[in-house]
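In what follows, a single structure is set out as structure tokens and then discussed.
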Amino acid sequence: MLDVSVKLVLPSDPRLGGVVRGAVEQFAAAFGVPERECCALALAVQEAVTNIIRHAYGNRHDQPIELTCSARADTLEFVLLDEGTAADPARFCAWPLGEVRSGGFGTHIMAQVMDGVQYERLPDRNRLRMVKHLGKVDRVVQG
Amino acid sequence: MKMATRQAGEAVILDVSGDIDLQSSPDLRKALLASLKDSSGVVLNLIRVRYIDSSGIASLVEGWQEAKNLQHRLVLFGLTEVARNVLKLTHLLKLFEVYETESEALSAFSRGEARNSKSETRP
């Protein structure tokens, strides 16, 4: 597979959630990922965007978010960059799944859907990298 | 997201449609808590929910907690594949009393069955 990347730059506006989900779903579908899996990938990426809006940007809706969707070899990669405050990695999946809480499900969903989730604080930005190995999904033959 | 309420005996049916996400979930939470307060229970119709994320799940959990506090009931029906999948991913599907159809949900409600006695247990 040739390396393919799509970059989307959008404001931290919750109204644009459908745009993010649509982009991720269509991107994954283009590489043969079945619809149900596409929806799950879109959900996981949207959860990451929601966390950026709520926590990195403190619900400010005019801040930049950059999403890059890449396909290389047998892997889909979704990288999110934002200029908000640093995340606290200790809050990622901070309590066991199944515990009745009224929040904090987003990082669990990311971890459940993706094969790898990696957060990194850059000098002036946050970077979240999520990876899905296509060998682990039943792909749909295009054509 | 759009919502409407209907009365069905002692229960309030809350019909929800569209996307339950960061933007709309506070409205769902507000409607759910108000309906639970004003009735003996809420039957939540999710047939027309296209999308629900973790903020929507959090609203449902708050509703479940409030129902428990008030000793009222919260019953769900018509879960779409998307909604079911999110509840599975968060390991919360079995927390809720879930039925396939409105008539099943209302029957269970009117019979006052114990929670989850007739709920779906599909993994």
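First the proteins, then the strands, lettered A, B, ... as listed; each starts at 1.
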Do you see a donor-acceptor pair shorter than 3.5 Å between the side chains of A/Asn59 and A/Arg54?
->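 Result is no, nothing qualifies.
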If you take all heavy atoms of B/Leu32 and B/Gly63, which pair is closest and at what distance?
->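 Heavy atoms only, the tightest pair is CD2-CA, 3.9 Å.
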Are any of the side-chain heavy atoms of A/Ile65 and A/Tyr57 separated by less than 4.5 Å?
->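 The answer is yes, as the side chains (C-beta and beyond) meet within the 4.5 Å cut-off.
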Is [X] close to chain A through its backbone or its side chain, or both, or neither, when contacts mean heavy atoms under 4.5 Å?
X	value
B/Leu89	both
B/Asp21	side chain
B/Ile52	backbone

Flag yes if more than 12 heavy atoms outside B/Arg6 fall under 6.0 Å of its CZ atom; otherwise flag no.
->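 It does: B/Arg6 CZ has more than 12 such atoms within range.
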Report the C-alpha distance between A/Arg129 and A/Glu120 in whole Å, list the side-chain angles of each, state the deciding distance to 0.1 Å, and finish with yes or no for salt bridge (Lys or Arg N to Asp or Glu O under 4.0 Å).
-> CA-CA 8 Å; A/Arg129 179 174 172 266; A/Glu120 188 180 4; over 6 Å; no
State whether B/Tyr51 and A/Arg21 meet the cation-pi test: NZ (Lys) or CZ (Arg) under 6.0 Å from the six-membered ring centroid, and within 45° of the perpendicular axis.
->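 Ring-cation test returns yes.
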Kindly compute the distance separating CG (A/Asp82) from CZ (A/Arg125), expressed to the nearest 0.5 Å.
->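 Interatomic distance, A/Asp82 CG to A/Arg125 CZ, rounded to 0.5 Å: 9.0 Å.
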For chain A, which residues from residues 9-20 of chain B lie under 4.5 Å away (heavy-atom distances)?
->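 Within residues 9-20 of chain B, the residues under 4.5 Å from chain A are B/Asp19.
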